[in-house]
Amino acid sequence: MGIKKDLSIDFLGVRCENPFFLSSSPVGSNYEMVAKAFESGWGGVYYKTIGIFVADECSPRFDHVKKEGMPWLGFKNMEQISDKPTEVNFDNMYKLKKAYPDKIMVASIMGSNEDEWRKLAKMCDEVGVDLIEGNFSCPQMTSHAMGSDVGSNPDLVRAYSKAVAETTKIPFIAKMTPNITDMCIPAIAAIEGGAQGISAINTVKSITNIDLENMTAMPVVNGKSSISGYSGAAVKPIALRFIAQMLQNEKLRNVPMSGIGGIETWRDSLEFLLLGCRNLQVTTSIMQYGYRIVEDMSNGLMHWMDERGYEKLDDFVGKALDNIIPAEDLNRDFKILPDFNHDKCVGCGRCYVSCFDAGHQAIDWVADKRRPELNEKCVGCHLCLNVCPVSDCITPGEIKWKDGRQPTEIALKKMYE
């Protein structure tokens, strides 16, 4: 019998059977797709962003970055909001909510002025969605009155959030753009305007590849291309950074957060939850593997919970946040020397080359034995540990305290995958 744990969680007053939602994108853009996702086990959907206008799309509009034989590292899309009529999209959401009343329907909307935001919010009220997300962050809109150009303007974010909040009592979530230095500024503006939650991040403006045949970026549209949004595993570190900064801000620390950006596995999901997210959105990994990845995410998360003795998500949501501190507050009194397991060492020499050419020349190479040996120059940077291709061949070892520093008990990471 499989392990069962309670994955339900409250998000903005709405009880969700699990935190796994489709993000607003091509993976949730019509009735059939969303119905299949619901039946596969997803807790809800952020339906593909709806506007007053119908998007006129280019072809092709996708590109990716990967190493040979490996899954995508990152994915680029030049797609805008829904290319279906506004009324059709709202009708789909209405029918889906009737057919799947226990699943959570989030309407993602985008207007170009306050009147459009109010009109869309009123339509959300009429079809009875559970939550509304305001897309202030799409980086490839053809109008500067919409998307990430709005999301980097706190005054517009505040005004449009207010327009929605004054029109409906459905909880409103503001979706943030990462194409900005400090995400806290527009996020605070959204809360001031009446938003009750934040979702982050949307895609990162990018050029993924240069096509050598047409001398332009990818994808190639009649010999031309454009800068547009990057997603997938490569953006997860950026997403985690912005989310941590927002949840550590005094004005945002109690704001419910939906995490987006590179979630592919149960561990990715766990990392967002540990920072404090109460909701998770996924697109790019579905594009590679399909809707059934939610089974792997759920099962992996429940197994981890069982190993750690957790019964429900609220037992550990946000548990890592307070351990992420300013650089000036880190303990710099010691260095941890690497320990070499010569029984596991394959004699590849990567640690030696990397340390000599990019570190502190702290490893000597014993040629006749094909093995590394640490010398007195080591500063404990652990570059060698990070380049070693063999699991647990190089691990944290002896702790050395700097001259004049008082030894104390320290928390040490011992296991590396």
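Here, residue 1 is the first one in the sequence, and each next residue gets the next number.
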Worksheet item: Are the side chains of Ser24 and Tyr47 in touch, meaning some heavy atoms are under 4.5 Å apart?
Response: no

Discussion item. Between Lys402 (side chain only) and Arg332 (backbone N and O only), is there a donor and an acceptor less than 3.5 Å apart?
Written reply: yes

Discussion item. Determine whether Phe75 and Phe62 satisfy the following criterion, ring-ring contact (aromatic ring centres under 6.0 Å, His included), listing intermediate values before the conclusion.
Written reply: CA-CA 7 Å; Phe75 180 77; Phe62 296 145; 5.1 Å; yes

Worksheet item: Would Asn279 and Tyr46 satisfy side-chain hydrogen bond (donor to acceptor under 3.5 Å, both in side chains), going step by step from the backbone distance to the final call?
Response: CA-CA 11 Å; Asn279 181 253; Tyr46 287 72; 2.8 Å; yes

Fill in: Those residues that, when tested against Leu374, pass side chain to side chain contact (heavy atoms under 4.5 Å, CB included) (two or more places apart)
Leu337, Pro338, Phe340, Ile363, Cys378

Discussion item. Go through it in stages, so that I can follow the logic: the residues are Ser137 and Ser148, the test is side-chain hydrogen bond (donor to acceptor under 3.5 Å, both in side chains), and I'd like the CA-CA distance, side-chain angles, deciding distance and then a yes or no.
Written reply: CA-CA 4 Å; Ser137 45; Ser148 60; over 6 Å; no

Discussion item. If you count every heavy atom of other residues, nucleotides or ligands that lies below 6.0 Å from Asn222 atom CG, does the total exceed 12?
Written reply: no

Discussion item. Could you tell me if Asn77 and Gln140 have a donor-acceptor pair between their side chains, going purely by distance under 3.5 Å?
Written reply: yes

Worksheet item: If you measure only the distance, is there a donor-acceptor pair under 3.5 Å linking the side chains of Thr49 and Ser108?
Response: yes

Discussion item. Quiz question: by atom type and distance under 3.5 Å, do the side chains of Ser298 and Asp296 form a donor-acceptor pair?
Written reply: no

Item to complete: Check each of Tyr291, Tyr100, Tyr31 against Phe38 using the ring pair (Phe, Tyr, Trp, His ring centres under 6.0 Å) test, and report the only one that passes.
Response: Tyr100

Worksheet item: When you check the side-chain N and O atoms of Asp63 and Asn209, is any donor under 3.5 Å from an acceptor?
Response: yes

Item to complete: List the steps and the verdict of side-chain contact (heavy atoms from CB on, under 4.5 Å) for Asn249 and Ile188.
Response: CA-CA 9 Å; Asn249 186 287; Ile188 290 170; 3.8 Å; yes

Worksheet item: Do other residues, nucleotides or ligands put more than 12 heavy atoms under 6.0 Å from the NZ atom of Lys162?
Response: no

Item to complete: State, with a plain yes or no, whether a side-chain heavy atom of Ile260 is found less than 4.5 Å away from one of Lys175.
Response: yes

Worksheet item: What's the spacing between Met110 CE and Asn135 CG if we round to 0.5 Å?
Response: 3.5 Å

Discussion item. Under a 3.5 Å distance rule, please check whether His360 uses its side chain to pair with a backbone N or O of Gly380 as donor and acceptor.
Written reply: no

Practice prompt. Indicate yes or no for a side-chain donor-acceptor contact from Arg61 to the backbone of Cys58 under 3.5 Å, with no hydrogens or angles considered.
Written response: yes

Worksheet item: Side chains of Asp392 and Thr395: do they bring a donor and an acceptor to under 3.5 Å?
Response: no

Item to complete: Count the heavy atoms of every other residue, nucleotide or ligand shown that sit under 6.0 Å from CD of Glu328, and state whether that count exceeds 12.
Response: yes

Item to complete: Would you please say whether a donor-acceptor pair under 3.5 Å links the side chains of Thr203 and Ser231?
Response: no

Response to the item:
By ring-ring contact (aromatic ring centres under 6.0 Å, His included), His64 pairs with (sequence neighbours left out) Trp72

Worksheet item: Can you check whether Leu270 reaches Leu274 side chain to side chain, under 4.5 Å on heavy atoms?
Response: yes

Worksheet item: So, Asn89 and Asn92: side-chain donor and acceptor under 3.5 Å apart, yes or no?
Response: no

Worksheet item: Are Ile325 and Asn323 close enough that some pair of their side-chain heavy atoms sits under 4.5 Å apart?
Response: no

Worksheet item: For Met218, does its backbone N or O pair with a side-chain atom of Lys76 as donor and acceptor, under 3.5 Å?
Response: yes

Discussion item. Between Ser225 and Thr216, do the side chains contain a donor N or O and an acceptor N or O under 3.5 Å apart?
Written reply: no

Fill in: Close side-chain approach of Cys124 to Ile109, heavy-atom, < 4.5 Å
yes

Worksheet entry | CA sep, side-chain torsions, deciding dist, call: Phe136, Trp117, ring-ring contact (aromatic ring centres under 6.0 Å, His included) | CA-CA 11 Å; Phe136 298 131; Trp117 282 96; 5.0 Å; yes

Discussion item. Any carboxylate oxygen within less than 4.0 angstrom of a Lys/Arg side-chain nitrogen, looking at Arg267 and Glu271?
Written reply: yes

Discussion item. A quick test of your reading: do over 12 heavy atoms of other residues, nucleotides or ligands sit less than 6.0 Å from CD1 of Ile324?
Written reply: yes

Worksheet item: Of all residues at least two apart in sequence or in a different chain, which pass the side chain to side chain contact (heavy atoms under 4.5 Å, CB included) check with Ser25?
Response: Ser23, Val27, Thr283

Worksheet item: Charged N to carboxylate O below 4.0 Å: is that the case for Glu398 and Lys335?
Response: no

Discussion item. Tell me whether the count of non-hydrogen atoms from other residues, nucleotides or ligands lying under 6.0 Å of CG in Asp403 goes above 12.
Written reply: no

Worksheet item: Below 4.0 angstrom, N of the basic side chain to O of the carboxylate: do Asp306 and Lys5 qualify?
Response: yes

Response to the item:
Taken in chain and number order and not counting sequence neighbours, the residues that satisfy side chain to side chain contact (heavy atoms under 4.5 Å, CB included) with Ile293 are Trp42, Val282, Ser285, Ile286, Tyr289, Met297

Worksheet item: Is it true that Arg308 and Asp315 make a salt bridge, defined as a side-chain N closer than 4.0 Å to a carboxylate O?
Response: no

Item to complete: Check whether more than 12 heavy atoms from other residues, nucleotides or ligands sit under 6.0 Å from atom NZ of Lys400, and answer yes or no.
Response: no

Worksheet item: Do the charged groups of Glu295 and Arg292 touch, with an N to O distance under 4.0 Å?
Response: yes

Worksheet item: ring-ring contact (aromatic ring centres under 6.0 Å, His included) with Phe242: which residues, sequence neighbours excluded?
Response: none

Worksheet item: Any side-chain heavy atom of Phe172 sitting closer than 4.5 Å to one from Glu133?
Response: no

Discussion item. Quick check: do Tyr230 and Val235 have side-chain heavy atoms less than 4.5 Å from each other?
Written reply: yes

Worksheet item: What is the distance from atom CG of Asn202 to atom SG of Cys138, rounded to the nearest 0.5 Å?
Response: 6.0 Å

Worksheet item: Would you say the side chains of Ser258 and Arg278 form a donor-acceptor pair under 3.5 Å?
Response: no

Worksheet entry | Check: Met302 and Leu7 side chains under 4.5 Å, non-hydrogen atoms | yes

Worksheet item: So, are Lys103 and Glu17 salt-bridged, with charged N and O less than 4.0 Å apart?
Response: yes

Worksheet item: Using 4.0 Å as the upper bound for N to carboxylate O, is an ion pair formed by Lys97 and Asp130?
Response: yes

Worksheet entry | Atom NE2 of His303 with >12 non-hydrogen neighbours under 6.0 angstrom | no

Worksheet, complete the sentence: Taken in chain and number order and not counting sequence neighbours, the residues that satisfy ring-ring contact (aromatic ring centres under 6.0 Å, His included) with Tyr310 are Trp304, Phe316

Worksheet item: Do the side chain of Glu57 and the main chain of Gln80 share a donor and acceptor less than 3.5 angstrom apart?
Response: yes

